[in-house]
Each structure stands twice: as C-alpha cells, then as structure tokens.
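Structure first, then comments.
The analysis underlying the following values was restricted to heavy atoms, covering all of them including side chains, and did not include hydrogens, waters or symmetry mates. Protein chains get the first letters and strands the later ones, always in sequence-line order, with residue 1 at the start of each. Fair warning: this is a prediction, and the values are worked out from it, not measured in the lab.
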Number of protein chains: 2
Amino acid sequence: MKISELAKKVGISAHTLRYYEKAGLLSPSQRNQNNYREYTQEDVATTKFILACKESGFSLAETSALLAIKDNKDQHACAEAKLITRNKIEEISQQISQLKNMQTTLIDLEKYCCGGPESAEFCTIISTLEGDS
Amino acid sequence: MKISELAKKVGISAHTLRYYEKAGLLSPSQRNQNNYREYTQEDVATTKFILACKESGFSLAETSALLAIKDNKDQHACAEAKLITRNKIEEISQQISQLKNMQTTLIDLEKYCCGGPESAEFCTIISTLEGDS
DNA sequence: CTTGACCTTCGAGCATACTCTAAGGTTTAT
DNA sequence: ATAAACCTTAGAGTATGCTCGAAGGTCAAG
Ligand SMILES: [Zn+2]
Ligand SMILES: [Zn+2]
Ligand SMILES: [Zn+2]
Ligand SMILES: [Zn+2]
C-alpha cells in the first residue's frame with residue numbers, strides 16, 4: 001500500500017510517517033517503479049508498534065531501541081526491554097513528583113487569594129511570589 | 001551592580017539574565033557610561049520574583065503577566081492573579097493525570113517480564129507492544 | 001603595555017516531535 | 001488534454017527556555 005493509505009489506516013499523517021522513516025524507525029520494505037514507498041502488512045504492524053510505544057510514553061529514541069528488540073528477538077534479552085521500561089517508569093515518576101510539588105505550591109499560593117475585583121495591592125499570590133514569607 | 005554580580009547573587013547565569021531581558025521580563029533601570037547594565041536592589045527583587053514563578057511552574061509568558069501585576073498592583077485585580085494561578089493548576093493536573101496513565105500502562109507492561117538474560121522471544125513487554133492482547 | 005577579566009550585541013544551536021512548504025514528477029478520470 | 005489527486009525530496013518553521021560562541025569594546029593590575 002502507498003503512504004497515504006497507511007497513514008489513514010493507522011491514523012497519523014503521511015508527513016509523520018516520512019519523519020519516522022528519517023528517524024530510523026520505519027522503512028518501507030520497497031519502493032515501486034516510481035520511487036513511491038510501498039508498505040506491507042508488516043510495516044503496518046511496525047507502525048502500530050511505534051504508536052503503542054508512544055502511547056506508553058516512550059520517546060522515539062526509546063521506541064527505536066524497542067523496535068530493534070522486536071525485530072531481532074533472539075539477539076536480545078528480556079533484560080534489555082525491562083531496563084528500558086524501568087528507566088521510563090523512573091523518569092515519569094520523577095516528572096510526576098516534580099509536578100506534584102508545583103501543584104502543592106500553586107494550591108498554597110491560590111488558596112488565600114480572594115480572587116475579587118479589587119486592587120492586587122494585598123494579593124497573597126503576588127506577595128508570596130515577592131517573597132513576603 | 002553589574003550583570004555577573006546579579007547573576008551570582010541569584011544563582012543563574014548572565015546569559016540567562018540577558019535572555020530574560022530580551023523576553024521582556026527584566027530590564028535594568030539603567031546603563032552606565034560604558035553601556036554596561038546597572039542593576040538595583042529592585043532588580044534583584046524582580047529577579048527573585050521571576051525565579052519564584054519558575055519554581056511554581058509558571059512559564060515565562062505567565063511570569064510576565066504576573067510581573068505586570070506586581071509592578072502595577074493598583075491597576076490590577078486579585079482576580080487576574082487568581083485566574084492565572086488556577087489555570088496553571090488545571091494545566092498541571094492534566095499533565096499529572098496523563099503521566100499517571102502512562103505510569104499505569106508502563107507498570108502493567110513491566111510486571112510480567114522476567115527481565116532475565118534469555119532471548120526476548122517471549123518477552124511480554126515486546127509482545128504487548130506488538131498488540132498481542 | 002599587555003594580560004586577564006569583565007562587558008556589549010547578534011545570532012546560531014540544542015532538544016523533541018512534529019508540521020508544513022516548495023518545486024517537481026506521476027497517475028487517474030473525464 | 002487537462003485537472004485533481006497522488007507521490008518525491010530537501011529544508012524551513014513551531015514551541016520553549018535556555019546555552020553558547022564570535023567579534024569587539026572596556027578596565028584594572030603589574
Ligand atoms: Zn484579594
Ligand atoms: Zn489575590
Ligand atoms: Zn523473559
Ligand atoms: Zn521480557
């Protein structure tokens with residue numbers, strides 16, 4: 001199938017598919033006589049794999065590593081896949097806790113501000129940010 | 001004081017200070033006769049305000065809006081500061097729940113994988129990503 | 001008088017994952 | 001024959017917040 005057919009089938013743009021190819025994630029098995037990309041069912045599966053990785057939060061680089069395992073399973077160990085996944089879990093945990101800290105700070109900031117239409121002269125949000133602790 | 005003194009005092013680089021200036025966040029009150037930036041105590045306070053905003057998770061654009069309130073309190077209402085803060089809280093909540101979804105997906109992915117040194121032929125991480133559900 | 005440590009501006013580079021355009025070639029239908 | 005609807009490539013643009021470098025001016029010490 002041609003690129004836009006694949007694009008439609010998996011729900012992303014042809015542009016993005018070409019981008020993934022440039023990033024080394026997905027190369028169609030062949031080109032036809034006009035140099036058009038020709039995708040197979042296996043390419044569809046690969047594309048879906050890429051999208052599943054994306055759904056799970058993996059970057060394109062990590063996805064690339066997972067694809068290498070998928071495409072050559074007997075040359076890779078379970079340990080590799082697990083390590084990538086664990087690292088990602090750790091990374092996301094850190095992001096979550098950082099965001100939670102911000103959330104806490106923001107909620108503290110917001111809760112004493114009256115939010116009314118009067119002058120911000122005594123606004124607790126502003127004065128807290130000013131360091132009037 | 002000159003730029004590197006301020007930089008040192010607040011713990012960021014002179015480059016970043018100039019960047020903040022270009023972004024409209026912080027302009028030194030004056031230049032000296034050599035065109036060197038001259039910062040005052042008020043500029044120090046402004047810089048600290050910017051860093052407090054950053055700590056809380058505000059973008060430079062949001063920080064800019066908060067600075068405008070701080071610098072002209074009687075022309076602004078509490079409502080403005082509160083709205084900015086609330087929007088940020090909402091935005092961060094969404095980011096957190098998105099990350100939590102990924103986290104859940106990743107943990108499910110990881111938990112059945114043995115993580116051993118054998119071939120990834122039956123790796124549950126890979127097969128789940130392949131869609132063998 | 002030269003060395004080193006400052007300062008200035010402008011502009012490029014980084015990271016990520018696209019997104020789109022331009023210029024050109026091909027296919028298909030009417 | 002021609003227009004619509006595809007396809008190709010290379011490269012620029014988007015967003016954010018820095019980060020760095022180049023080229024040049026200034027200043028103080030020895
Ligand atoms: Zn109020
Ligand atoms: Zn308030
Ligand atoms: Zn295993
Ligand atoms: Zn496994």
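Base contact: B/Arg18 has a heavy atom under 4.0 Å from a base atom.
When each of A/Val44, A/Thr46, A/Leu51 is tested with A/Lys48 by the rule side chain to side chain contact (heavy atoms under 4.5 Å, CB included), just one qualifies, namely A/Val44.
For the atom pair CD (A/Gln98) and CG (A/Asn101), the distance works out to 7.5 Å, reported to the nearest 0.5 Å.
In summary, the side chains of B/Ser13 and B/Thr16 do present a donor paired with an acceptor at a separation below 3.5 Å, with no hydrogens or angles considered.
Between C/dC7 and B/Ser4, a contact under 4.0 Å exists linking OP1 or OP2 to a side-chain N or O. Put simply, A/Asn34 has a side-chain N or O that comes within less than 4.0 Å of OP1 or OP2 on C/dT27.
Remark: A/Lys54, A/Ser59, A/Leu60 in residues 45-68 of chain A come within less than 4.0 Å of DNA chain C through at least one heavy atom. Near-neighbour residues of DNA chain C inside residues 21-31 of chain A, defined by a heavy atom below 4.0 Å, are absent.
The interatomic distance linking A/His15 (NE2) with D/dT8 (C1') rounds to 12 Å, in whole Å. One interatomic measurement links the two molecules: OH of A/Tyr19 to C1' of D/dT14, which rounds to 13 Å at whole-angstrom precision. Atom NZ in B/Lys8 sits about 11 Å away from atom P in C/dC7, given to the nearest Å. Atom CG in B/Leu17 sits roughly 15 Å away from atom P in C/dC6 (whole-Å rounding). In this structure, CZ of A/Arg37 is placed 7 Å from C1' of D/dT8, rounded to the nearest angstrom. Atom-to-atom, OH of A/Tyr20 to P of C/dT16 comes out at 14 Å; the value is rounded to the nearest Å.
For B/Tyr36 against D/dG25, a side-chain N or O and a base N or O form a donor-acceptor pair under 3.5 Å.
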